[in-house]
Amino acid sequence: MENFIVSARKYRPATFDSIVGQQTITNTLKNAIKNHHLAQAYLFTGPRGVGKTTAARIFAKTINCLNIDLEKNPDLIEPCNTCESCQSFSQNASFNIMELDAASNNSVDDIRRLVEQVRIPPQVGKYKVYIIDEVHMLSTQAFNAFLKTLEEPPSYVKFILATTEKHKIIPTILSRCQVFDFKRISVEDIAKYLRFVADSEHVQAEDEALHLIALKADGGMRDALSIFDQLVSYTNANVSYQNVVENLHVLDYDYFFQISDLFLSSDITSVLLVLNDIIERGFDGQHFLIGLGEHLRNLLISRDVKTIDLLETSASIKQRYYENANKFSSAFLLKALDINTQCDVNYKTSNNKRLLIELSLMQMVALGSGLLDPVSKESAPGLPLTKKTPKIESVPQKAPAVEMPQVQVNEPVKETPIKEQVANKEPEASTETPLTETKKPEESPTRIQRVPKGMGLGVSIKAEENSKSEEINPDAYMLGKEDIADDFTQEDVDKICDEFLEGIKNQQSLYATLKSNKALILEDAVVQLHVYNEAQRSALSDKLFELVKSLRVKLNNYKIKATIKIIENGKTMKASTPIERYNAMTEKNPNLKKLTDNLNLELEF
Ligand SMILES: [Zn+2]
């Protein structure tokens, strides 16, 4: 492979159409030639290696080509590569093109020499083209010497100034140039071009390998081609993904997929071992953080087919992301990204960089296994949430409870307490703020801190082991369906509740209670279940997740919530309006009425 010609040179585009990734610019230039609208000076700006100089050379060659016939072939605006002018351009022997690299020739004398030649008209062809590369490097004096010529050049002279740092170009120059902003070339485009080069050179190359090279080149075709050349010679023309990973010292996707899987399996040990492996292989911590951030972002955008094309990877890696993405909730990925970003920000100033990364990884593991709530208070509403602690209010009160919008008046009573629990996993769930609580000290209510399995923060590790898959993301079935709310009837609910009851037949007392007390449909798709005592309530709340899920899926209504109400044995439930319930309460406890009046509370129904 010694005789492998440097691709960057051999495959340097020779026509406008072969310039990769800058179509808007090449089209504009072609149209300018076609319509005889050539500017006196152009400024090509953009990152290195994206085709600025190449475009400038093709432009110079084209406007000098002797075979361009705008009358006969108005749409063929490409150099013929065969005429005398084109030939001399191709052999770097044309007198019509002057290139000056201002990075190394930036003195006044250099510019003067150049300016002197401006006065001599072209011998062959129509135009003399001066390309000044890295023009921002010219010294101030050189700039000034150049400015004069730029102001009044002979008609046969065209200037093309190129720079990677547009902001360093003084306004007097900017205003005299037509400016073209060259874009970073997309990974996809670079990879495609590398594929073309590989095939033309009969080099074995895997798609993933070419994508990785393109990624490493960061938008620059020249870099991509020179990396490609190096790899062809290192690997004896067998450019496999593994070879590229080893030679380019890039972190393999496999590492990140491995780590994100471990986030879900609560396996802190393995995560730390993978990190250790990466560090031992000589990767810098920050390098790892950037890679992990990219990986999490890729997972996030792969959750939606609409954004999956934002992934700059090969088709097979895209597929892998797509398959993996739905293991994670958006909330998890956002929070993990947040942790990662924080770590990245603090990395430079940290005294124990490794510990910082390890801590972040541990946080992500905790997050992935549900021990940390990914939904912070300020999280954006409307995101699919992984977990949410249902607000459990358990205050002894007189039956029936008054439910006012936003407030709930609770009241201590001597009889059977009614406890109500809302299994609600939406962010605005905490509407149950007790407005007032008049309670006698001896009746201090016990707040129930139990959290139903799969529904919140307080999930014990034991519970977790039992139903890991559900713990990973209990709301996975909701994703993307949060707004679906089909109508349903009492009959539908009864049917599903009956099916559900079949599954808890072994819990005889609960089974019998639920069998004899039908679920009620309250407003806002709240399904209310009725039990006789705390023990039953607790047993049912363990199963509530399952029932709610079943109701939501089978009724195609993802707004359904469930509440459990403790009723007195023998009482049958009927739906009552809030005012009825309020009246019933005040009847039993006149103090409530007094309180309402004294505080000037208005009831909204
Ligand atoms: Zn020609």
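Both counts, for ligands and for their atoms, begin at 1 and track the order of listing.
With Val274 as the partner, the side chain to side chain contact (heavy atoms under 4.5 Å, CB included) test is satisfied by one option alone out of Leu361, Leu262, Ile279: Leu262. Of the residues listed (Leu161, Val179, Ile160), the one engaging Tyr42 in a side chain to side chain contact (heavy atoms under 4.5 Å, CB included) is Ile160, and it is the only one. Partner of Leu29 under the side chain to side chain contact (heavy atoms under 4.5 Å, CB included) criterion, chosen from Ile25, Asn27, Asn31: Ile25.
A centroid separation of less than 6.0 Å is found between the aromatic rings of Tyr193 and Phe196.
For the atom pair CG of Leu292 and CG of Asn298, the computed distance is 11.0 Å after rounding to the nearest 0.5 Å.
Residues satisfying the ring pair (Phe, Tyr, Trp, His ring centres under 6.0 Å) criterion with Tyr347, sequence neighbours excluded, are absent altogether.
The Zn ion (ligand 1) has Cys65 SG, Cys80 SG, Cys83 SG, Cys86 SG as protein N, O or S atoms under 2.8 Å away.
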